[in-house]
Amino acid sequence: MRIKMNAVAAATAMVLGAFSTTASADLLITEYIEGGGFNKAIELYNSGDAAQSLNGYKLVRYKDGATTTTEMVAFTDQEIPAKGILVVRHTDAVLNLDASVTEMIGGLQQNGTDAVALLNGDTVVDIVGAVPTPKDWGKDVTLRRSDTASSMVAKDTFDENDWTSQPKDTVDGFGCIGDNACTFVEEPGVLLITEYVEGGSYNKAIEVSNVGGSTLNLDDSEYKLAIYFNGATEITDSTVVNLTGSLDVGKSLVFHHSSAAEAFKVGTAHTVAKFSGDDALVLTKDGAVIDSIGKVGEQLVWTDGDFSTKDKTLRRKAAVKVGDTNTADVYPGTSKEQWLILPKDTADGLGCAGEDACPSEPEPDPNPCTNCEILAPVADPTTFNAEIYYSDVLSGEFNNAEELKNALSTIIAKGHKQLSYKQVWSALTYADQDPADDKKVIEIYTGESISKYDNQTSGSGAGKWNREHVWAKSHGFPSDSQWGYTDAHHLRPSDPGINTARSNNDFGACSDTGEEVLFNGVGTGNYLDKTTDCWEPRDEVKGDVARMIMYMDTRYQGTDTATTNMPDLIAVDRLTTTAEDSEPLIGTLCTLYAWNKLDAVDTYEQNRNNQVYKYQGNRNPFIDRPELVQEVYGAVCGDDPNPSLVVEGDIVTPESVTEGTAYTIDASAITAGEGVALTYKWEQVVAEEKTVVGDQAVLSLTAPQIKADETLNFMLTLSDGTLTTTKAVSLVVTNVPLTLSVEFAGNTKLTEGDKASITATVADAPEGTSYSWKQVSGSTAEYTATGLTLDVTSPSVSIDQVLVFELTATVGEESFSQSVSIEVKNTEEAGWTKPDGAGSLGGLMTLLLPLMWWRRRQG
């Protein structure tokens with residue numbers, strides 16, 4: 001569409017029209033982009049017939065309608081050739097520009113309200129936008145200058161009729177002039193014989209190379225290289241090689257004699273290289289000759305001056321793009337001019353096209369990346385045993401997911417070595433190495449493979465990679481002294497521009513509401529919703545991201561803060577707010593949980609876990625044991641690994657029961673929804689033992705006999721046939737002390753030496769009651785006891801006394817005791833008479849004897 005001129009733009013033209021216009025009128029601005037993120041660029045065009053130096057020129061902006069300028073780019077020694085183009089862009093712009101565009105420099109920062117002008121000194125040469133600027137006149141658009149004669153003139157005032165508007169982030173017009181996208185004509189690939197070595201003994205080799213302008217797919221046609229031995233006019237299968245595969249520009253295929261010296265053994269051994277200086281070689285495409293050496297049907301050494309097909313190395317000149325296609329004409333003829341003639345046994349050009357020797361291989365950089373250090377391993381992944389490493393979890397029992405998570409946190413904290421932020425560079429080159437190229441790493445959000453040595457140590461991030469904190473460092477650990485800041489389990493290589501676009505946004509499902517993030521003008525599969533601060537990564541790494549966030553949420557529980565300087569990181573099931581940017585929170589947990597299922601653990605991620613373990617010493621359990629994701633996070637995300645039956649209603653239980661009495665526990669009021677039939681399993685729980693005691697809704701039992709009050713514990717398991725749930729029930733049983741009514745019969749008044757039987761009668765004795773007797777006081781008597789009968793022989797006593805015996809009745813673990821007393825009377829010895837009361841002694845004895853008797857009774 002066309003952008004209409006407005007009154008403000010017209011006024012601006014009057015303001016800027018006062019500037020001098022003595023600068024070159026051949027330079028003008030032909031394209032302007034104000035796209036997403038850092039996608040800002042300006043295209044300059046030299047419409048003249050001579051090269052134009054940019055010394056003294058600069059690009060400026062009139063910020064937000066200001067009439068004073070802010071310098072953006074000052075040119076020094078740049079030059080634009082006649083009819084040439086130069087693109088100036090923000091250093092972190094993600095633009096896919098054709099290689100024919102001269103160069104990309106600068107750091108543009110214009111927005112949709114800024115006019116941009118090209119100045120020579122203080123003179124306005126050309127301008128896009130108006131001063132003062134109408135708001136958002138050029139926001140989220142690409143503007144192209146029309147290639148009409150009236151438009152292709154540098155102007156110091158903005159004429160909107162010179163421009164057409166394209167959608168945001170349109171870059172396919174950079175590098176050419178006009179309203180339409182560029183169409184670059186690609187030079188085709190060209191296959192030629194580029195080196196011929198006929199040296200001493202078996203030192204023979206032949207090289208073919210792609211000297212064209214684009215990759216050559218040899219499988220699209222039938223390419224063959226054949227040798228015609230000794231003047232032959234026909235070839236056999238053994239004297240021809242079929243060329244297959246893909247050959248990039250400047251790349252070569254080499255065939256050598258199998259017995260050649262090591263210097264000549266480049267490429268593949270083949271009979272096509274068994275020439276002797278008098279054999280013709282022919283390169284064909286679909287049967288047509290495209291290049292040759294020698295003359296088919298003629299056997300001789302072809303010479304002309306210094307040129308010779310024997311004892312020489314022939315190297316094709318770089319300017320040659322068309323081969324010798326006539327195999328029957330005089331050889332070498334004029335074709336000798338196509339070759340550089342080098343001494344015998346020269347082999348230093350084999351394997352690379354061009355006139356020079358192949359560049360020597362540089363000494364490999366021993367360091368893993370630019371300004372990086374070699375890390376010493378702290379663990380050996382080849383001997384890692386998951387059963388041992390996670391044994392405390394695999395053999396443990398946990399009441400809930402939080403207990404399991406805490407146990408995992410303890411395991412993965414052991415052996416964890418804190419890396420420095422510089423050491424993280426090295427760790428990522430090991431962990432994120434491209435499986436197809438050990439000199440590159442894979443960027444997480446673009447999936448691009450990039451040289452390990454292109455890490456962004458300073459300056460522009462264009463064409464570089466940096467360290468992406470998947471759990472954004474601002475969410476809880478902004479200092480590199482905190483362990484999470486340098487924890488390689490969640491740090492990944494990333495394109496700086498994409499990294500900046502992700503910023504510290506939470507992860508969530510926002511592909512429907514956000515915009516796809518571009519890399520070099522192409523969609524990446526990552527989406528950003530700026531309204532909700534939501535980032536959705538590409539499908540290929542969704543699971544990787546989920547497991548990294550879960551690792552961080554588990555590793556840092558706030559239990560070892562004194563060591564790690566880390567708070568308790570929490571993955572929440574929502575997008576966090578701007579006010580929470582510095583809080584140790586990140587979302588969205590259950591979206592991440594779904595991504596974990598969508599993108600399962602692969603060999604790349606397993607290898608990454610091994611490499612981080614090798615240099616950091618700990619592991620991500622959710623990569624080693626993927627089932628732990630559900631065990632830890634399933635319940636909160638509606639995927640409980642052990643789902644239970646949902647029921648309503650209560651169990652009716654008596655407050656307490658007395659031992660020996662019958663009671664019921666009633667669960668008939670519990671329901672699991674209309675029409676759902678339940679089954680019941682009642683178990684009595686004693687310590688760790690469970691005994692099934694019923695299978696009906698109502699449990700009927702009799703309380704046991706006990707010695708003291710006791711609590712009975714029961715577990716009810718309810719099932720609908722698929723799911724189950726359990727309910728615990730406790731019941732207090734009250735103890736009643738054992739009391740019996742006991743009466744004794746028999747002679748309880750004996751003279752020493754007499755025998756007697758005492759029989760006890762126990763009223764209402766419980767079944768199974770047992771009885772025992774024992775003497776508890778008095779002189780020891782001889783006695784026997786059988787059940788309730790006691791047979792006693794009274795002992796000899798020097799004074800009357802009482803013997804006490806105790807009957808004990810035992811029922812289970814309870815007992816009841818009752819005592820009976822037997823009086824034993826002393827018998828006076830023969831010849832003993834009662835003392836006379838006369839005399840002092842007699843009187844004293846009269847007084848003492850009753851006292852002695854009483855004391856003996858007491859004894």
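For clarity, every value in this text was computed on a predicted model and none was experimentally measured.
- At a threshold of 4.0 Å, the pair Arg608-Glu605 does not count as salt-bridged, since none of the basic side-chain nitrogens sits closer than that to a carboxylate oxygen.
- Heavy atoms from other residues, nucleotides or ligands lying under 6.0 Å from NZ of Lys317 number more than 12.
- Atom CG of Asn385 has more than 12 neighbouring heavy atoms from other residues, nucleotides or ligands inside a 6.0 Å radius.
- Using a 4.5 Å heavy-atom threshold, the side chains of Leu340 and Thr313 count as separate.
- Between Glu443 and Lys464 no salt bridge is recorded (no basic side-chain N to carboxylate O distance below 4.0 Å).
- The pair Asp432-Arg492 meets the salt-bridge criterion, with a side-chain N (NZ, NE, NH1 or NH2) lying under 4.0 Å from an Asp/Glu carboxylate O.
- Distance alone, capped at 3.5 Å, is enough to place a donor-acceptor pair between the Asp345 side chain and the Gly200 backbone.
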For the pair His490 and Phe622, evaluate ring pair (Phe, Tyr, Trp, His ring centres under 6.0 Å) and give the outcome as yes or no after the intermediate values. CA-CA 13 Å; His490 84 115; Phe622 304 113; over 10 Å; no
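- Counting only residues at least two apart or on different chains, the ring-ring contact (aromatic ring centres under 6.0 Å, His included) pairs with a member in residues 211-267 are Tyr202-His257.
- Side-chain contact between Tyr196 and Thr309 is present, with heavy atoms from C-beta onward closer than 4.5 Å.
- Using cut-offs of 30° and 60° on the angle between ring planes, the pair Tyr551 and His489 is tilted.
- Tyr45 has its side chain out of reach of Leu86: every pair of non-hydrogen atoms, C-beta onward, lies at least 4.5 Å apart.
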